[in-house]
There are 2 protein chains.
Amino acid sequence: MPEFKSVNEFRLNGGKYFVPSVSIDCVIFGFHDNQLKVLLLKVVNYHGWGLPAGFIYKEEDIDAAAQRILQERTGLHDIFLQQFYIFGNANRCDNNITKIAFDNLQIKAKPNNWLLQRFLTVGYYALVDFKTVNASHDIFSEEFEWHDIDCLPTMAMDHGQIVQQALLTLRTHLRYEPVGYNLLPEKFTMPELQKLYETILGKKLDRRNFQRKMLSYDILKRLKQRREGVAHKAPYLYSFDLKKYSTALKDGFQSAW
Amino acid sequence: MPEFKSVNEFRLNGGKYFVPSVSIDCVIFGFHDNQLKVLLLKVVNYHGWGLPAGFIYKEEDIDAAAQRILQERTGLHDIFLQQFYIFGNANRCDNNITKIAFDNLQIKAKPNNWLLQRFLTVGYYALVDFKTVNASHDIFSEEFEWHDIDCLPTMAMDHGQIVQQALLTLRTHLRYEPVGYNLLPEKFTMPELQKLYETILGKKLDRRNFQRKMLSYDILKRLKQRREGVAHKAPYLYSFDLKKYSTALKDGFQSAW
DNA sequence: TCAAAAGTGTTTTTTTTACACCCATGT
DNA sequence: ACATGGGTGTAAAAAAAACACTTTTGA
């Protein structure tokens with residue numbers, strides 16, 4: 001895999017290594033302080049926020065490319081990652097990041113520069129444990145930051161729309177398959193799990209019914225331990241029964257909320 | 001839009017008009033004789049069956065490209081069409097149709113020929129009224145044919161897998177949104193609608209419960225007419241209340257089977 | 001001692017499932 | 001007249017929704 005010394009070298013000469021005209025955009029969800037968050041980055045020589053993105057090597061499976069891009073950005077391996085949509089409007093790249101960066105830097109790139117073409121982008125969403133992410137700068141980005149899902153900054157191109165679509169997809173998946181293993185630390189309480197569901201769905205749920213339904217899925221283990229040092233009554237800790245969780249993920253379950 | 005005189009001219013020179021490395025594959029579902037069917041084509045200079053496919057013009061939205069491709073193939077406008085997955089394994093084009101055709105015809109194309117590259121393909125599924133389709137030959141295909149969903153011929157590349165994925169998607173959508181308007185003629189009977197559901201789901205449903213649930217969605221109008229000239233008791237004809245149908249399609253509905 | 005969060009169980013309502021009888025039609 | 005498919009309703013079971021009291025703990 002080639003190494004690039006600078007973002008501009010990449011922008012000028014990266015084209016020969018990648019599948020042309022297709023990018024990957026990652027919506028990385030994390031959960032912290034009872035809030036669903038998205039990892040955004042500030043792009044160099046550009047004024048706004050964007051999604052962590054990348055390209056597909058010519059001999060690389062797209063799922064592998066998405067995993068690689070995620071790993072480069074978060075340091076995590078084996079992330080839960082799912083393709084959810086391909087965005088392919090003709091005009092989505094009219095104000096693309098590279099074009100604006102070139103303008104800002106007064107670089108005159110050839111019009112056939114690979115990054116100045118119209119791109120389709122494959123949207124992937126990732127679920128990660130907020131605390132174990134070690135978001136790292138790379139040559140493309142100045143700054144990484146978690147943003148609350150319902151308080152996003154203005155974003156580049158159609159990235160705002162991509163986040164919304166990812167959230168909709170996640171919300172749908174929540175109904176038919178287990179979610180949580182990838183977003184929560186190993187041990188968590190039932191109220192914490194509920195808060196996760198509530199922020200994804202964007203609505204309050206009944207505490208008792210939630211617990212009953214969650215337990216009926218038979219993917220949780222209640223531990224002997226309770227969460228200590230908290231105000232009020234100490235809640236039990238749970239963890240996922242990974243085997244049953246995987247089965248449920250594969251087979252799905254029927255439900256409504 | 002350019003016109004090509006022959007498939008080989010297209011294969012050799014078509015590249016400059018299209019987004020490189022991305023194709024569109026269409027899984028066209030129809031319903032006839034109580035069977036769910038898929039429209040397949042036999043490709044010229046190739047030994048097997050494939051999905052109707054096409055490419056995206058450089059200035060064209062992908063959804064528009066899919067609509068155009070469908071229209072070229074079926075003669076139908078405003079088809080129900082939905083993107084469902086992007087297939088991007090690196091090796092999916094190892095035995096691609098063009099390569100084999102070139103070999104068969106002993107054409108020596110340049111290795112950088114646009115069609116000999118690795119392609120990603122965007123899968124769309126379409127629901128069409130079997131009877132109004134007028135599948136037309138074009139320069140790429142020798143023969144169009146409807147195939148029963150559970151009796152498909154050996155297919156090119158990963159097209160078999162693409163059909164299965166489309167079917168799975170349709171099966172899922174069936175649970176959460178109305179299906180039928182696009183697959184059935186304007187007037188149809190409840191047993192016909194049920195047969196459609198049964199073939200998509202691949203299982204028998206209870207007649208009485210099916211009717212109750214279907215009516216509860218409040219998207220059907222029962223007509224005064226009955227189907228005439230059939231053996232046994234004449235069933236009522238129904239048609240969809242298009243306004244309510246559209247609303248339901250947008251909002252979805254919750255359900256299980 | 002009290003406010004705030006957590007644990008638990010019961011009742012009501014809704015949805016789903018299972019199931020049976022009568023009706024119309026062509027053979 | 002009868003076999004076949006179509007129309008309809010009801011009772012039982014399961015799932016979801018609504019709801020209240022008790023326990024624990026730190027402030």
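The analysis underlying the following values was restricted to heavy atoms, covering all of them including side chains, and did not include hydrogens, waters or symmetry mates. Lettering follows sequence order; numbering is per chain, from 1.
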Under-3.5 Å donor-acceptor pair between [X] side chain and [N] base:
X	N	answer
A:R207	C:dG7	yes
A:R208	D:dA16	no
A:H232	C:dA5	no
A:R222	C:dG7	no

Distance in angstrom units between [X] [atom1] and [N] [atom2], rounded:
X	N	atom1	atom2	answer
A:F210	D:dA15	CZ	P	18 Å
A:R175	D:dA16	CZ	C1'	14 Å
A:M214	C:dT8	CE	P	16 Å
B:R227	D:dG5	CZ	P	16 Å
B:K204	C:dA18	NZ	C1'	18 Å
B:Q211	C:dA18	CD	C1'	16 Å
A:L215	C:dA6	CG	C1'	14 Å

For a quick test of reading the model: is some side-chain N or O of A:K233 closer than 4.0 Å to OP1 or OP2 of C:dA4?
no
Does the A:R226 side chain pair with the main chain of A:P235, one donor and one acceptor, at a distance under 3.5 Å?
no
Comparing A:R212 and B:A234 on DNA chain D - which has the more 5′ nearest nucleotide:
B:A234
Which label fits B:Y245 and B:Y181: parallel for a plane angle under 30°, tilted from 30 to 60°, or perpendicular past 60°?
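Rings of B:Y245 and B:Y181: tilted, as their planes differ by 30° to 60°.
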If you check every side-chain atom of A:K213, which of D:dA16, C:dA6, C:dC19 has the closest atom?
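Looking only at heavy atoms from C-beta outward on A:K213, the closest nucleotide is D:dA16.
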Is a donor from one side chain sitting under 3.5 angstrom from an acceptor on the other, for A:R92 and A:N89?
no
May I ask you to check whether A:H147 and A:E145 show a side-chain donor-acceptor distance below 3.5 Å?
yes
